[in-house]
Amino acid sequence: MAFADDPSAGTLNMGLNSIWVLVAAVLVILMQGGFILLESGSTRMKNAGHIAGKTIFTLGLCTLVYWAVGYAFAFGADNAENSISKFIGWGSYLFAPAVSAAEGEALPSTIFFVFQLAFAAVSLSIAWGGFAERAKLSAYLVFTVLFTALIYPVIAHWIWSPTGWLFAEGAQDYAGSTVVHLTGALAAFAATVLLKPRIGRFNKDGSANEILGHNQVFGALSVLILWVGWFGFNAGSALGVGDGFFGYVAFNTQLGAAGGAVAALLISWLVNGKADIPTTLNGALAGLVAITASCAFVDPWAAVVIGLLAGVLVFFSAKFFEKIKVDDPIYALSVHGAAGVWGTLANGIFATDELATKLNVGKGGIIDTGNWHQMWVQLESVLVCGGYVLVVSFVLLGIMKVVMGLRVTEEQEIIGLDLSEHGTFGYPEQMKKAQQSL
């Protein structure tokens, strides 16, 4: 009705911003479908139904916790005048927004909330990589609450909130290479260390056995879904249409992803003699993760370089984690952890002063300015945020392990979580045939 009454330019602009950011939020939420296919395709058939179901369940629980307290800790502004606001948000508990945007607002707070919730849910899904095929359903329930309330919102506040201390330092993380991806990956690392490897993953002499995922087509489709969703992730972070800058962000996002996919295929082909499909898929995701921090701060040629190096890094990172006997079923530590670190630090090298000024965040990197200031800020954000997530994740998961246990029994793991945790099979026809042949 308001639009029918000769709306002002400001109202029209708010409406366009709202449409785009809500579409972007939906794209990011749909990435959960990509995570279902990625995790189930990268693991065994006997756990597929469990993986799909717990993803939907934890998305719902994450939503409720973020609404109750997570959003308040990330973006609450009730203590904006206090020094504590540098470290934690306050206010907006049980978030009750206005039904529409106020005059002068860029978009309604409802849409901003949904967009930020989608990011929290992605970070949580990344963390589940460290739990895959061996964690109790109850562990997913409890850690969803703790991660969404005490881990993710703190990092989001430090870097993205206008009162956050790393934001004030000029930390550049446009859409979350550190906030979303590194945070989820380090929580996954804590989980996989405390849960220990899956049965049969490593031999007594330290050598590794490959546990193949049951469906590479699921894996490829998951990457495509995530790739498309990433345009909501990165370009949506412009939080409006404005002068069309979100298109530039999308352009750099595509270049980074392409570089990662090509480099990963080529390096696996060169080293192994065969072009490895899972490595190629991981390379595309690593390119996307790496360009997430810098998509708005770098020139297109730099986006390609960032993606190419991410594709190479993910290959060698996966080999490193296998060598130190860390069982990472979906390569979360390499794709989201190592590439997340690289993407954040890359701003310190490739960010341009022009784009940093345009966004009013930090300064140009070494190549553009010859100055190391931004690199030190980026390194600081990685070390401080990474340290917080690691310590808090290990403490919380360690307490959970003592109090309630994290891992299913050996018998339950062998028969699969579909049956042991849910009493049914994700693939009933195939599993019945397998049982009949025993």
Side-chain angles (χ1 to χ4, degrees), residues 21 25 28 62-97 106-107 109-124 126-127 143-187 233 236-237 239 292-293 296 336 340-341 343-344 347 359-362 377-393 395-396:
V21 178
V28 179
C62 173
T63 299
L64 297 179
V65 176
Y66 195 76
W67 165 72
V69 297
Y71 183 78
F73 291 153
F75 297 104
D78 283 4
N79 64 344
E81 302 301 320
N82 301 326
S83 58
I84 195 174
S85 67
K86 295 179 181 179
F87 304 101
I88 193 73
W90 206 261
S92 299
Y93 300 102
L94 301 175
F95 185 54
L107 71 162
S109 58
T110 48
I111 292 177
F112 182 74
F113 174 90
V114 173
F115 186 65
Q116 293 300 330
L117 163 66
F119 279 54
V122 166
S123 191
L124 181 65
I126 294 165
F143 194 67
T144 293
V145 175
L146 297 174
F147 182 89
T148 309
L150 302 177
I151 297 176
Y152 176 83
V154 175
I155 305 302
H157 180 80
W158 288 355
I159 294 181
W160 285 345
S161 171
T163 62
W165 71 277
L166 285 172
F167 180 90
E169 293 272 334
Q172 296 172 347
D173 188 10
Y174 192 71
S177 287
T178 289
V179 175
V180 177
H181 297 281
L182 183 59
T183 296
L186 291 177
F233 212 91
S237 292
L239 297 180
T292 292
H336 302 278
V341 170
T344 305
N347 272 15
L359 297 167
N360 196 29
V361 180
V377 173
Q378 298 303 105
L379 180 61
E380 177 187 37
S381 67
V382 166
L383 292 177
V384 172
C385 294
Y388 176 84
V389 174
L390 268 181
V391 170
V392 177
S393 295
V395 169
L396 295 178

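Predicted model, so just to flag it, every value in this text is computed and none were measured.
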- Task: Apply side-chain contact (heavy atoms from CB on, under 4.5 Å) to W90 and I84, showing your working.
- Result: CA-CA 9 Å; W90 206 261; I84 195 174; 5.9 Å; no
- Message: Ignoring hydrogens, what is the shortest heavy-atom contact between A149 and V69? Give both atom names and the distance.
- Response: CB-CG2, 3.8 Å
What donor-acceptor contacts under 3.5 angstrom involve side-chain atoms of residues 112-124, with partners at least two apart or in another chain?
from: S123; atom 1: OG; to: V180; atom 2: O; distance (Å): 2.8
from: S123; atom 1: OG; to: G184; atom 2: N; distance (Å): 3.4

- Evaluation steps, side-chain contact (heavy atoms from CB on, under 4.5 Å), between T183 and F147: CA-CA 10 Å; T183 296; F147 182 89; 3.9 Å; yes
Return a table of donor-acceptor pairs under 3.5 angstrom between the side chains of residues 72-81 and protein atoms on other chains or two or more places apart.
from: N79; atom 1: ND2; to: I88; atom 2: O; distance (Å): 3.3

- Query: Heavy atoms, side chains only, cut-off 4.5 Å: are S109 and F95 in contact?
  - Reply: yes
- State, to 0.1 Å, how close P97 and T110 come at their nearest heavy-atom pair, and which atoms those are. CG-CG2, 3.4 Å
Side-chain polar contacts of residues 163-179 - donor-acceptor pairs under 3.5 angstrom, sequence neighbours left out - could you list them?
from: T163; atom 1: OG1; to: S85; atom 2: O; distance (Å): 3.2
from: T163; atom 1: OG1; to: S161; atom 2: OG; distance (Å): 3.2
from: Q172; atom 1: OE1; to: N347; atom 2: ND2; distance (Å): 3.4
from: Q172; atom 1: NE2; to: V361; atom 2: O; distance (Å): 2.9
from: Q172; atom 1: NE2; to: K363; atom 2: O; distance (Å): 3.0
from: D173; atom 1: OD1; to: G176; atom 2: N; distance (Å): 3.1
from: D173; atom 1: OD1; to: S177; atom 2: N; distance (Å): 2.7
from: D173; atom 1: OD2; to: T178; atom 2: N; distance (Å): 3.0
from: D173; atom 1: OD2; to: V179; atom 2: N; distance (Å): 3.0
from: Y174; atom 1: OH; to: A238; atom 2: N; distance (Å): 3.2
from: S177; atom 1: OG; to: V289; atom 2: O; distance (Å): 2.6
from: S177; atom 1: OG; to: A293; atom 2: N; distance (Å): 2.9
from: T178; atom 1: OG1; to: T344; atom 2: OG1; distance (Å): 2.7

- Distance (rounded to the nearest 0.5 Å) between I151 CD1 and C385 SG: 12.5 Å
- Search all heavy atoms of Y388 against all heavy atoms of V154 and return the closest pair with its distance. OH-CG2, 3.4 Å
- Message: So, using side chain to side chain contact (heavy atoms under 4.5 Å, CB included) as the criterion, who are the partners of P162 when residues are at least two apart?
- Response: none
- All ring-ring contact (aromatic ring centres under 6.0 Å, His included) counterparts of W67, not counting sequence neighbours: none
- List the steps and the verdict of side-chain contact (heavy atoms from CB on, under 4.5 Å) for L182 and V341. CA-CA 7 Å; L182 183 59; V341 170; 3.8 Å; yes
- Could I get the full list of side chain to side chain contact (heavy atoms under 4.5 Å, CB included) partners for V395, not counting sequence neighbours? V391, I399
- Euclidean distance, F143 CZ relative to T148 OG1, rounded to 0.5 Å: 9.0 Å
- Got more than 12 heavy atoms from elsewhere within 6.0 Å of CG, N360? no
